[in-house]
Amino acid sequence: MTKNQKLLKWVHEMAELCQPENIHWCDGSEEEYQKMTQLLVEQGTFIKLNEKKKPGSFYARSEPSDVARVEDRTYVCWPTKEESGPNNNWKDPKEMKEILLNLFRGSMRGRTMYVIPYSMGPIGSEISKIGVEITDSPYVVVNMRIMTRIGKKVLEVLGDDFFVPGLHSVGYPLNPGQKDVPWPCNHTKYIVHFPEDKSIWSYGSGYGGNALLGKKCYALRIASILAREEGWLAEHMLIVGVTSPEGEKKYIAAAFPSASGKTNFAMLESALPGWKVETVGDDIAWMKFGSDGRLYAINPEYGFFGVAPGTSLKTNPNAILTLQKNSIFTNVALTEDLDVWWEGLTDEKPNKLINWKGEEWTPDKNEPASHPNARFTTPASQCPVMDPDWENPNGVPISAIIFGGRRSSFIPLVFQTFDWTHGVFTGSIQSSETTAAAAGEVGKLRFDPFAMLPFCGYNMADYFAHWLSFKHRTDENNLPKIFVVNWFRKDENGKFIWPGYGENIRVVKWIFERLNDKENYETSPLGFIPKFNSLDVSGLNIPENRLRKLFEINKEEGLTEYERVKEFYNTFNNKIPKELWDELEKMKMRFESM
Ligand code: GTP
Ligand code: SPV
Ligand code: MN
């Protein structure tokens, strides 16, 4: 056990507040995991999957109202609204604490309170950071054990040091004799961050980023705050190592919004012979300066919490190989022989399934058998293409940063930004169509700067300024080059033009060559785009007119974009750095002179 006074005091106080029946300190051992999964099976949250098909794996169905992150219930409570910015929901911290204290009072009655010490990043690494999550959900405990490094070892390295306290309750106390439900949760939900004491309070949801507090709450929202204070970057980015046929290796980080292709890119199986992609991380990157003045990235996570629908041997074979064992599947469909299925897993649909709501399902049904935000939780160590340096405490040196999003029009397949400032400008105006990863409308175009709109823990205007400042922290030549990609451009029939997935290596190859200063580009109003014929499309049967359509840049759309951005920047109360306004005017002039 720990001697950390702050931790002991906090656990004691939270137990007084939440009134659990028991307290269990998680040691992270295999036996503990066995016991907890057994408990989850007994209480009906888990179904054990067929041991021959998915050894050591379990299936869970959530409450139909608790299936994704709830952005409208997520708050960052700085002392002033100004500090939280228009990108965050806000309430006065004192007022919010009152609300939460009332909700948490007695919220764990009849349940066990689990204390999970966890490390974001390899245990003991200088770059890593420690958090402790208190939760009344055993489902959260077993998922946290896959997604982060948890247990006794973490307490040992914590000693008397700083940790981020995270309190989580599903908000479903049990009266004496009351029977539990398979997925306890509460209609009232709050996911709250307090920057002043770096604490997290999450109430009412048991799902994903709402409940696994190491991920979005700590490794992005709180970490982005720490990163600004300490001069580094906490980003919603995958990290990959790319090796060319000549054996040259470069690391790339890429920010795409939720459910927009990070996991797929992170495990990309190259369609071009000789090119190889290896995984460092699929969702979050922490980037710090090395002694050589370059940016080095680590993946603070230990597993993948990946979108299941659309994942197949064709689209992402390495994910399929990873999730064959020791995995948890939530809100996918269940087959008759206790295996899992989801839309896109196989071309042919099974004749009979139990859908994610627990109902019988046949292929003639009009609705999908799995929820669009159904997820697998699986250990990164099982991925066959993990990079040899994925746990290197020093991180990997980043040569390029890519921003991407779902844009059915306007944004070409790929372009390179002119320099760091233009790259930051471009990141700040990224827009993407919304997905099922968050509750709410799907397919709606919104600004999602740096894919961080739901995850930046402070005013985004200050965040843009923080990014701009990197130019002055090192020689600009040391900084990664910044690119944009868009796999999601559609034709006049609403079909994706670009085949995507393993074929994306062709775009990566162009980027790789750009990094080596190849003269493979021409200038456009958005940035450098591939010179015609410089994108390797060998063996791809794309007609020339379709290929040209992928790179079409339209003056009218450019000027409309200018107006959209102006309106967006104006929501920040004059806080947007002047350099970005200047970049916006330069973009307008480039479009005007087209
Ligand atoms: P989060 O875990 O929510 O952060 O999502 P993510 O960015 O890791 O997204 P993921 O890779 O899981 O992809 C989400 C969806 O996008 C899946 O349904 C994929 O099939 C689809 N997708 C991924 N890559 C491509 C691509 O290159 N082309 C097309 N058309 N779809 C893609
Ligand atoms: C995302 O929504 O970006 C995710 C899934 O990675 S969750 O962990 O639920 O936030
Ligand atoms: Mn994500």
If you measure from the Lys or Arg side-chain nitrogens to the Asp or Glu carboxylate oxygens, is any gap between D387 and K249 under 4.0 Å?
yes

Looking at E82 and K575, is there a salt bridge between them, counting it only when a charged N and a carboxylate O are closer than 4.0 Å?
yes

Under 4.0 Å between a side-chain nitrogen and a carboxylate oxygen: does that hold for K578 and D582?
yes

Quiz: residues 397-404 side-chain donor-acceptor pairs under 3.5 angstrom, not counting sequence neighbours:
{"unit_1": "S399", "atom_1": "OG", "unit_2": "R294", "atom_2": "NH2", "d": "3.2"}

I'd like to know if the side chain of N520 and the backbone of P530 have a donor-acceptor N/O pair within less than 3.5 Å.
no

Here the gap from E391 atom CD to S128 atom OG, rounded to the nearest 0.5 Å, amounts to 10.0 Å

Is the distance between the ring centroids of F528 and F418 under 6.0 Å?
yes

Is a salt bridge present between R506 and E503, judged by a nitrogen-to-oxygen distance below 4.0 Å?
yes

CD1 of I511 to NZ of K481, rounded to nearest 0.5 Å, is 13.0 Å

Taking the six-membered ring for Trp, is the centroid-to-centroid distance between F329 and F376 below 6.0 Å?
no

Run through V414, V507, V485, N486 and flag the one making a side-chain contact (heavy atoms from CB on, under 4.5 Å) with W498.
V507

Suppose we call two aromatic rings close when their centres sit under 6.0 Å apart. Are W275 and F512 close by that rule?
yes

CG of D389 to CG of N394: how many Å apart, nearest 0.5 Å?
9.0 Å

Taking the six-membered ring of F455 (Phe, Tyr or Trp), confirm whether the NZ or CZ of K216 is under 6.0 Å from its centre and within 45° of its axis.
yes

For N373 and R375: C-alpha separation, side-chain torsions, deciding distance, then whether side-chain hydrogen bond (donor to acceptor under 3.5 Å, both in side chains) applies.
CA-CA 6 Å; N373 192 40; R375 300 248 171 189; 2.9 Å; yes

Parallel, tilted or perpendicular: ring planes of Y302 versus W390, cut at 30 and 60 degrees
parallel

What pairs of residues pass the salt bridge (charged side-chain N to carboxylate O under 4.0 Å, His left out) test when at least one of them lies in residues 407-429, not counting sequence neighbours?
R407-E561

Does K215 make a cation-pi contact with F305 (under 6.0 Å, within 45 degrees of the axis)?
no

Test of ring centre spacing under 6.0 Å for F289 and Y296
no

S469 and its side-chain hydrogen bond (donor to acceptor under 3.5 Å, both in side chains) partner, picked from R473, H472, K471
R473

After noting the C-alpha distance and the side-chain angles of S534 and K518, does the key distance pass the side-chain contact (heavy atoms from CB on, under 4.5 Å) rule?
CA-CA 10 Å; S534 72; K518 193 167 165 185; over 6 Å; no

Distance flag, aromatic centroids of Y521 and W510, threshold under 6.0 Å
no

Could E433 and R489 be called an ion pair, given the rule that one side-chain N must be under 4.0 Å from one carboxylate O?
no

Does the distance from a Lys or Arg side-chain N to an Asp or Glu carboxylate O, for R446 and E71, drop under 4.0 Å?
yes

Look at the aromatic rings of Y463 and W467 and report parallel, tilted or perpendicular, splitting at 30° and 60°.
perpendicular

